Amino acid sequence: MLSLVELRRVAAWLAAERAGARVSRIAQPGPMELVLHLSGGAARAPGDRCALLLSCQPGAARISERPARPQFPGAPQEQAHSTSGAQAQAASPGREEAAAGAAARSAPLALAQWLRAQSGGARLCGAGVSGAERQARLRFEARGGSFSLIVSLLGARANLYGLDGQERVVAAARPLSETRRDLKLGAPWRDPPGGAPGPGEDRFAAVADADLLAAIERHYAAAQSQQDTARLARRIHRALHRQRARMERKLQRVQADLAAEQEAQRLETHGELLKAHLGGIAPGAESAVFPDFESGAPVEIALDPKLGAADNMQRLFRLARKAAKRARKAAADVEGVRARLAENAALCAEAEAAGASPADAPGPASAPGPAAPLDAEALLALARRPEVARLLERHAPPPPAAPRRVWRVGKRELPARLVPKRYRTADGLEVWVGKSDEGNDILTTRLARGGDLFFHIEGDPGSHVILRTGKDEPPQESLLEAAELAVNFSRARHATRAAVHIAAVKDISKPRGAKPGLVYVHRGRALRLRRSPERLARILAARLED
């Protein structure tokens, strides 16, 4: 990650060159990255654009400039949001398929959603190092007020934090429990405790300030590309060698079944001997001895004492038929198994020639030879071949995407039309809004908990709104945001003032036989709301996706 001296150079350059730049778009290339598209600046023409990448990826946390066309193999597809509200997606060549797929499926960051709500007309008004640690602060002015982004480059605790105009932490790219347990959403920002680190080394000292951000991105992009290629090489090698072990076990089973031909002949002979001497077998006998038809040598035959002589004979003939069937099937399969083993050996040799290390191979250890250099193009081509792609999916699948949230009432999964809309307040609480009369009933009587708060505008029909409070008294701003939603999703949405009734969900009841959406409120209080377009815009933009 960037050293303190490198971070100071980056912040100084942004303050000198890009102060006043307009934020035209916000994109999310990956689960720990944001791209701010800036236009113009103090020392730049209005049409001079810059894609400012903010990353909190441990080991690669940085501020850099992302090129318009990625110069490294495998930039993931980014989720982009125009500040005007229109959504777009910028496609670029796929990085190693697992990383690309995971990034493309990643849910929008709460930080990205919050920034999208704040960035209408936003301009970068300043940049600098925050405190004594490796933290950069980017300050913005927008129509809705000021806000800041903190880019924290603290090793494994790297993170991106969003601060409102009152210096409160309102969003973060990574969970606070992973990076700063001393912070809390809705609480004031504090610089991390501890002594100041050394300035570190400026690895880009020979690079001019104008090319600094691009040089940083080239450095980390090349390292990331190497990591992705190495990860793909490990996956290919693991898949091929697991398949080889599987086929070797199958060959052993097939060869064992080939030997069943002799077992079938032995059982058939025993059955014929029993058939010829049925009258000479005592009931309940565990074995019988008869002379062999050809040699006359005594042959001992194991019997089931629970069965009679005829049933024992039928049992032996039945076992003989099964053994013969296994032998016939093994004879038909053995050449196919050997051919697949030969194909696997060829693929393993091809993968190792492209740099897939045999370090993960199962079986006895051998003296390692010199590792072949990684050939990214050959590995990607190998991974795209259908037979290898199937093995990757079976034996070395990429990390699973985040599971879709399933809403249930009892054992019944709710259809999408009954699932409430979800929003996140500036204090980090969730607000649920019913979509219809039936959805209102489900939300208030089945999904909400007794301690949650119910919001509904007095005197006008509208959606039920539930503020998920937990066990604590919610902050005032969250109450106002939930009330804004209650008014917005009612017939009084254009009113400048409104009375919103607030009650605990435990004080709401549904009369038997009442029409959908009708509930009784037994107690509560009224909130006289003075409407705020800025507050409404912020909470509407902070909608959560399932």
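Note that the structure is predicted; figures quoted are calculated from it, not measured. When a residue number appears, it is its place in the shown sequence, counting from 1.
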Hey, is the main chain of G434 close enough, under 3.5 Å, to the side chain of K421 for a donor-acceptor pair? no

Closest heavy-atom pair, L379 versus I236, reported as atoms and distance to 0.1 Å, is O-CD1, 3.6 Å

Could you go through E217 and E65, starting from their C-alpha distance and side-chain angles, then the distance that decides it, and tell me whether this counts as side chain to side chain contact (heavy atoms under 4.5 Å, CB included)? CA-CA 6 Å; E217 183 57 27; E65 182 175 356; 5.7 Å; no

Heavy-atom count around R385 CZ within 6.0 Å, excluding the residue itself: above 12? yes

In terms of heavy-atom contacts, L347 and L240 come closest through O-CD1, 3.6 Å

Sorted by chain and residue number, the salt bridge (charged side-chain N to carboxylate O under 4.0 Å, His left out) partners of D427 (sequence neighbours excluded) come out as none

Side chain to side chain donor-acceptor pair (under 3.5 Å) partners of N344, counting only residues at least two apart: none

Determine yes or no for a side-chain-to-main-chain donor-acceptor pair under 3.5 angstrom, with N312 supplying the side chain and D304 the backbone. yes

Say you draw a straight line from CZ of R424 to CZ of R543; how long is it, rounded to the nearest 0.5 Å? 14.0 Å

Might you point out which heavy atoms bring L392 and A383 nearest each other, and give the distance in Å? CD1-CB, 3.9 Å

Out of curiosity, D507 CG to H522 NE2, how far, rounded to the nearest 0.5 Å? 7.5 Å

Nearest-0.5 Å distance, NE2 of residue H237 to NE2 of residue H241: 3.5 Å

Under 3.5 Å side-chain donor-acceptor pair for S55 and Y220: no

Just wondering, more than 12 heavy atoms not from E393 lying within 6.0 Å of its CD? no

L153 CG to L160 CG distance, which is reported to the nearest 0.5 Å: 8.5 Å

Short question: side chain of R174, backbone of A158 - any donor-acceptor pair under 3.5 Å? yes

Report the relative orientation of the aromatic rings in H456 and F454; use parallel for angles under 30°, tilted for 30 to 60°, perpendicular for over 60°. parallel

If we ignore hydrogens and angles and just use 3.5 Å, is the side chain of R66 paired with the main-chain N or O of A51 as donor and acceptor? no

Any donor-acceptor pair under 3.5 Å linking the side chain of H464 with the backbone of G517? yes

Over all heavy atoms of both residues, which pair between P29 and L53 is shortest? Give the atoms and the distance, please. CG-CD1, 4.4 Å

Side chains of R394 and R242 in contact at under 4.5 Å (non-hydrogen atoms): no

Whether S225 side chain and A221 backbone form a donor-acceptor pair below 3.5 Å: no

For E335, is there an ion pair with R338 - N to carboxylate O distance below 4.0 angstrom? yes

Between K329 and D257, does at least one N-O distance fall below 4.0 Å, as a salt bridge requires? no

When you measure from the side chain of R157 to the backbone of G155, do you find a donor-acceptor pair of N or O atoms at a distance under 3.5 Å? no

Please check: side-chain N/O of K515 versus main-chain N/O of D437, any donor-acceptor pairing under 3.5 Å? no

Rounded to the nearest 0.5 Å, how far does CG of L36 lie from CD1 of I26? 6.0 Å

Can you confirm whether E387 is buried at CD, in the sense that more than 12 heavy atoms of other residues, nucleotides or ligands lie under 6.0 Å from that atom? yes

For P474 and T469, which heavy atoms make the closest approach, and how far apart are they? CG-CG2, 4.0 Å

Exam field: side chain R468 to backbone E430, donor-acceptor pair closer than 3.5 Å: no

How long is the span from the CG atom in N159 to the CG atom in L176, to the nearest 0.5 Å? 7.0 Å

What are the two closest non-hydrogen atoms of S152 and Y161, and how far apart are they? CB-CE1, 3.7 Å

One pair to check against side chain to side chain contact (heavy atoms under 4.5 Å, CB included): R62 and H219. What are the steps and the verdict? CA-CA 11 Å; R62 64 196 184 274; H219 171 80; over 6 Å; no

Salt bridge between R266 and E263, side-chain N to carboxylate O under 4.0 Å? yes

Closer than 3.5 angstrom, by distance alone: can the side chain of H395 be matched with the main-chain N or O of L391 as a donor-acceptor pair? no

